[in-house]
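Numbers here simply count residues along the sequence, with the first being 1. Counting convention: from 1, in listed order, for ligands and their atoms alike.
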Amino acid sequence: MSDWSEHYATRVSHMQASEIRELLKLLDQPDIISFAGGIPDPALFPREEIAQAYQRILGDPQLSAVALQYSISEGYLPLREWLAGYMGRLGVACTPENILITNGSQQALDFVGKLFISPGDSMLVAWPTYLGALQAFSSYEPRFDVLPGENSNRTLESYTSQGAAKPKFGYVMPEFQNPTGTSLSLAERERLLDTAAELDLPLVEDSAYEKLRYDGERVPSLLALAAQRAGGIDHCKVLYCGTFSKSIVPALRIGWIVAAKPVIQKLVLMKQASDLHVSTLNQMVMHEVASARIEDLAANMRRVYRARRDAMLAALDRHMPKGIHFTRPEGGMFVWVTLPEGIDGAELLKRCIEEGRVAFVPGAAFFADRSCRNTIRLSFSLSEPAKIDEGIKRLASILKLEMAEMTHAA
Ligand SMILES: Cc1ncc(COP(=O)(O)O)c(C=O)c1O
């Protein structure tokens with residue numbers, strides 16, 4: 001095999017295979033109970049509605065001529081018009097000119113990295129944060145620093161002190177964060193906006209799980225709050241990334257960015273250079289399905305996932321030994337577990353797969369510095385409640401063995 005390493009650009013050294021992608025392969029083994037992949041349950045996909053929409057569009061000569069042709073990079077106008085109304089209902093007054101359709105919100109994160117980061121720039125993320133975002137941003141060779149907030153002890157001064165490079169932007173998931181499942185309260189959102197204003201820091205708000213709230217009151221998005229403060233979306237420095245992947249289906253790859261018009265215009269140039277536009281056929285299908293069904297589809301998902309979230313929390317309460325801490329998310333797909341110091345999530349995973357046929361994601365993957373190895377992420381989206389209980393029971397029994405062995409060794 002020839003050696004390619006010296007031919008690659010420096011950014012390639014920051015690209016690592018995702019642990020999650022590797023672990024997804026485990027989902028194919030039928031005896032494994034997997035809490036690993038944070039993906040939707042395919043039983044909830046609106047298969048027939050999607051099939052009918054494809055048929056309707058492709059069966060109509062005029063619609064199909066549009067659907068199958070090249071198109072503008074901004075995205076299919078009726079979908080952007082509908083999204084402008086949708087965002088308006090979330091408290092964000094905007095127009096289609098404030099919206100770019102992306103190939104899933106993952107592409108939005110890549111574009112945001114391309115837009116803001118030059119090699120060596122500082123940027124702020126939560127500690128832990130979404131692994132896919134770390135991967136997307138890493139290509140642009142930033143230095144990751146901790147976003148101010150509840151879990152960080154950083155003072156404002158530490159970002160602005162002499163010699164400290166001004167961070168270029170902060171990436172934040174205010175709703176049901178991946179991987180912790182936790183959300184920012186209204187007061188925390190307001191404080192974050194205050195800090196961002198002090199630092200003149202653009203914020204990128206990832207709202208992937210926005211539709212999956214099971215309890216509690218909806219809290220306005222950072223973009224809604226910032227636009228209210230600034231007197232409109234065109235005057236504020238928050239970019240909002242949305243997606244249909246968690247509320248309808250991921251496979252059509254439809255996400256969107258909402259931001260001030262000048263930012264959207266720059267992002268449109270990136271879209272053009274990258275892949276011209278999202279498949280118009282898929283945008284038209286998503287427009288039909290979302291405009292007719294998003295609320296009842298999401299309500300059904302919430303009903304199913306809420307029961308699974310409840311089952312997971314009940315199983316954790318029932319089976320986990322003392323000293324194990326876990327989050328109690330109001331929505332989303334994840335519970336975050338903190339193990340005793342000295343227990344390594346990756347080692348525990350190996351043992352759980354071999355001895356317990358149960359899988360999850362070791363938490364270190366979600367930290368920009370790969371720290372906090374005594375954490376794990378559990379996803380409840382794919383398993384029925386009875387299976388969840390069985391999986392947590394197996395995980396807890398192996399964890400108890402590990403803890404006993406650690407005490408014994410000490
Ligand atoms: C927080 C978060 N953002 C973005 C994405 C990417 O989603 P998509 O590209 O399917 O819209 C995911 C996927 O799991 C996610 O968890």
Side-chain angles (χ1 to χ4, degrees), residues 18-24 27 34-42 44-45 75 79 83 86 99-113 125-139 147 169-184 203-213 221-223 239-258 267 271 274-275 278-279 282-283 286 289-290 294 298 301 305 327 329 331-336 360-361 363 365-368 377-382:
S18 146
E19 285 89 339
I20 294 188
R21 296 268 161 263
E22 287 302 308
L23 284 165
L24 282 176
L27 300 182
S34 177
F35 301 131
I39 57 177
D41 185 341
L44 301 171
F45 292 158
L79 177 61
L83 278 169
Y86 178 83
I99 300 175
L100 169 72
I101 307 295
T102 56
N103 216 353
S105 53
Q106 191 65 34
Q107 184 175 52
L109 299 179
D110 179 50
F111 286 176
V112 163
V125 293
W127 225 257
T129 191
Y130 169 49
L131 172 57
L134 289 176
Q135 289 179 312
F137 302 145
S138 285
S139 307
L147 191 75
F169 74 101
Y171 167 71
V172 52
M173 273 169 283
E175 306 267 75
F176 328 122
Q177 208 219 53
N178 180 359
T180 62
T182 53
S183 303
L184 297 184
L203 291 176
V204 173
E205 171 173 36
D206 183 339
S207 203
Y209 298 90
E210 177 258 318
K211 276 278 184 236
L212 301 182
R213 174 177 284 282
S221 67
L222 287 173
L223 179 58
L239 283 72
Y240 178 104
C241 304
T243 177
F244 291 113
S245 290
K246 316 293 177 181
S247 55
I248 299 188
V249 289
L252 271 62
R253 309 304 302 133
I254 313 278
W256 64 95
I257 308 183
V258 189
L267 292 166
K271 183 74 188 155
S274 172
D275 57 359
V278 174
S279 150
N282 286 356
Q283 293 188 69
M286 190 56 91
V289 176
I294 192 165
M301 288 193 182
Y305 294 147
T327 55
M333 295 183 171
F334 308 107
V335 175
W336 180 248
F360 49 82
V361 182
F366 302 95
F367 293 87
R377 189 195 74 177
L378 302 174
S379 166
F380 50 79
S381 60
L382 275 183

(message) Suppose I only count heavy atoms of M173 and a 4.0 Å limit; which atoms of ligand 1 are within that range?
(response) 1 (C)

(message) Give me the atom names and distance for the closest heavy-atom approach of A298 to K211.
(response) CB-CD, 3.7 Å

(request) Run the numbers for me: atoms of ligand 1, each under 4.0 Å from some heavy atom of S245, listed by number. (result) 8 (P), 10 (O), 11 (O)

(message) Has S381 got a side-chain atom pairing as donor or acceptor with P40's backbone, closer than 3.5 angstrom?
(response) no

(request) Sort out for me which residue in D275, T243, T102 forms a side-chain hydrogen bond (donor to acceptor under 3.5 Å, both in side chains) with Q107. (result) D275

(request) Grab the two heavy atoms, one from V249 and one from M286, that are nearest each other, plus how far apart they are. (result) O-CE, 4.0 Å

(request) Look only at the side chain of E205 and the backbone of S221, and say whether a donor-acceptor pair between them is shorter than 3.5 Å. (result) no

(message) Please list, in number order, the atoms of ligand 1 under 4.0 Å from a heavy atom of K246.
(response) 13 (C), 14 (O)

(message) Looking at ligand 1, is there an atom of it that comes within less than 4.0 Å of some heavy atom belonging to Q107?
(response) no

(request) Write out the residue and atom name of the closest protein heavy atom to atom 3 (N) of ligand 1, then the distance separating them to 0.1 Å. (result) D206 OD2, 2.6 Å

(message) Out of F334, Y209, F176, W256, who is nearest to atom 16 (O) of ligand 1 when you count heavy atoms only?
(response) Y209

(request) With heavy atoms of T243 as the reference, note each atom of ligand 1 found under 4.0 Å away. (result) 8 (P), 11 (O)

(request) Provide, to 0.1 Å, the distance between atom 7 (O) of ligand 1 and the closest protein heavy atom, together with that atom's residue and name. (result) S105 OG, 3.3 Å

(message) Need the ligand 1 atom indices (1-based, order shown) with element for anything under 4.0 Å from a heavy-atom of G104.
(response) 9 (O), 11 (O)

(request) Identify the heavy atoms of P128 and W336 that sit nearest to each other, and give their distance. (result) CG-CZ2, 3.7 Å

(request) List the closest protein heavy-atom neighbour of atom 5 (C) of ligand 1: residue, atom name, distance to the nearest 0.1 Å. (result) Y130 OH, 3.4 Å

(message) Check for me whether the distance between the ring centres of F137 and F169 falls short of 6.0 Å.
(response) yes

(message) So which atom in F334 and which in Q177 form the shortest heavy-atom distance, rounded to 0.1 Å?
(response) CD1-O, 4.2 Å

(message) Considering M333, R253, Q177 one by one, which has a heavy atom nearer to atom 9 (O) of ligand 1 than any of the others?
(response) R253

